[in-house]
Number of protein chains: 2
Amino acid sequence: MTPPLHLSLAGQAVDVLREQVLTGEIPPGSRVNEVEVAQKLGISRGPLREAIRHLASEGLLTLVPHRGAFVPAADSDEVKALFELRTALECAAAELAASRRTDVDLVRLQEVCAESRRNYRAGQPFPYRLDLAFHQTLIDAARSPRIAEQVRLVQQRVVLLRSALEDDPSHQHASMDDHDELVKAIADGDAATASTVMRRHLSRVCAQMLTSLDH
Amino acid sequence: MTPPLHLSLAGQAVDVLREQVLTGEIPPGSRVNEVEVAQKLGISRGPLREAIRHLASEGLLTLVPHRGAFVPAADSDEVKALFELRTALECAAAELAASRRTDVDLVRLQEVCAESRRNYRAGQPFPYRLDLAFHQTLIDAARSPRIAEQVRLVQQRVVLLRSALEDDPSHQHASMDDHDELVKAIADGDAATASTVMRRHLSRVCAQMLTSLDH
DNA sequence: AAACTGCCAACTGTCGACAGTTGACAACAT
DNA sequence: ATGTTGTCAACTGTCGACAGTTGGCAGTTT
């Protein structure tokens, strides 16, 4: 389960920085000072620059010439644009999953849903971890490597914007229902329904992010 | 009309290298020697490495640890996977374009189609340039910046794989018909039809690339 | 001849230092 | 007080050099 174990310093720096950006340890809007971070990581500026450029290409940092790298702040228009991309990708993935899923894919999806229910009934909040796991399992079932790759990147960016997201119980419940419905459509091999449900699901999630963004 | 005019050497190197990779000046399968290319461009290895990493993130180069950067060779599975991604993105773009297009978007699309016809009647082959222009205009009409961004990257990768693509006249004609049909659906605001036509269009293009890949 | 071993050249990964640019602050003029 | 200009520190962009790794080749062994 250990993430690939990069040998190069640049690769390690990518992992560390990505973690720090996603967890908010480096807060949105803040600048990344090359010399400072390089010293903190115990490496030189060369590999660090490559790491920064890499994260920028993933959308986790924005580069400003002669100014440095910044963690992009959440923005209403950005959320909408990002969810349009996510919808395009995940709806396609849902369709493909409906026609390509194996039986073990199906079991995995049902297992994630079941664990979510268990967790919810135990009174604990629906952890984002399980939501991510569900979507991950679904795109794996779609068996389209390039689409999967892009979905992962987009979901990462969504996590980045998720900082200011309160956990609304009713929304959690709705999400779990959506997931169940999706699994059913995929089990039936009903691509059209899978796509429709996914679109509705993401539309709801997007709306919730937008409202919780307005405080 | 000058492309952004990068000030940094790394930015310039990206433009030059991208050009050389896409035109096949650096042929698929070949290695990119850092010191050699750096000298040829008159820059140091630092900026060049950043340029190489950038192109790798665009999928135009593949990185092998301690071995260097290679231009990826065309592969049947890769073509299929890439077109699944492209279909997901461009179908979504077609739907959005159908509901968001302005009148000037429509005029631009019709203009590109008309120029294609003119060119075709003049006996000249349907230039890929016009095909690209059509799809570019369409995604601009969709007004979804993040989707547009990804479509551009995917199309670039398609161009890279296009090296061994013979120009089949019947295919050219079919493509132009598809384009006309797409514009009509977008003009009518018919998102469903636009998506369907786009899917059929890309499916045909993909099939043609696959057959011309088998020699 | 085939397989193994040890060496070597070429190249990537990394570092520390220099040069050029930017934004901010202070001094000055109005 | 307000706007302008000059100066400066901090930081990014770039370079040349060193270290570690890789693949191949020659020499050796069976």
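Throughout, a chain's letter reflects where its sequence line sits, starting with A, and its residues are numbered from 1.
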> Between dT14(C), dT12(C), dG13(D), which one does the side chain of V35(B) approach most closely?
Replying inline: dT12(C)

> Roughly, in whole Å, what's the span from CG in L7(B) to C1' in dT14(D)?
Replying inline: 14 Å

> After noting the C-alpha distance and the side-chain angles of Y128(A) and V158(A), does the key distance pass the side-chain contact (heavy atoms from CB on, under 4.5 Å) rule?
Replying inline: CA-CA 11 Å; Y128(A) 192 60; V158(A) 172; 3.9 Å; yes

>> As a test of reading the structure: which of dG23(D), dC15(D), dT12(C) is closest to the side chain of R67(B), going by heavy atoms?
In response: dG23(D)

>> Here's a test of your reading of the structure: between R45(A) and G68(B), which maps to the more 5' nucleotide of DNA chain C?
In response: G68(B)

> What nucleic acid atoms does R49(B) come within less than 4.0 Å of, heavy atoms only: base, sugar-phosphate, or nothing?
Replying inline: base

> CD1 of I52(B) versus C1' of dG13(C): gap in Å, rounded?
Replying inline: 13 Å

> Under a 4.5 Å cut-off applied to non-hydrogen side-chain atoms, are E95(B) and M198(B) in contact?
Replying inline: no

>> Nearest 0.5 angstrom please: H171(A) NE2 to S212(A) OG, how far?
In response: 9.0 Å

> Mapping P47(A) and P65(A) to their closest nucleotides on DNA chain C, which lands nearer the 5' end?
Replying inline: P47(A)

> Reckon V32(B) touches a base, only the sugar-phosphate, or nothing at all at heavy-atom distances under 4.0 Å?
Replying inline: sugar-phosphate

>> The side chain of I43(B) is closest to which nucleotide in this list: dC15(D), dC15(C), dG13(D)?
In response: dC15(D)

> Expressed in angstrom and rounded to an integer, what is the separation of E50(B) atom CD from dT12(C) atom C1'?
Replying inline: 16 Å

> Picking from dC11(C), dT14(C), dG13(C), which would you name as closest to the side chain of A10(A)?
Replying inline: dT14(C)

>> Under the criterion side-chain contact (heavy atoms from CB on, under 4.5 Å), I'd like the reasoning laid out for V71(A) against L61(A): C-alpha separation, chi angles, the key distance, then a yes or no.
In response: CA-CA 5 Å; V71(A) 181; L61(A) 293 174; 3.9 Å; yes

> Under 4.0 Å: is that the gap between some side-chain N or O of R31(A) and OP1 or OP2 of dT12(D)?
Replying inline: yes

> In whole angstroms, how far is the P atom of dT21(D) from the CG atom of L9(A)?
Replying inline: 12 Å

> More than 12 heavy atoms of other residues, nucleotides or ligands under 6.0 Å from CZ of R53(B): is that the case?
Replying inline: yes

> To the nearest Å, how far apart are F70(B) CZ and dT22(D) P?
Replying inline: 14 Å

> In whole Å, what is the span from the CD atom of Q39(B) to the P atom of dC11(C)?
Replying inline: 10 Å

>> Using whole Å, what does the distance between atom C1' of nucleotide dT14(C) and atom CZ of R53(B) come to?
In response: 12 Å

> Once you round it to whole Å, what is the distance between P of dA9(C) and NE2 of H66(B)?
Replying inline: 21 Å

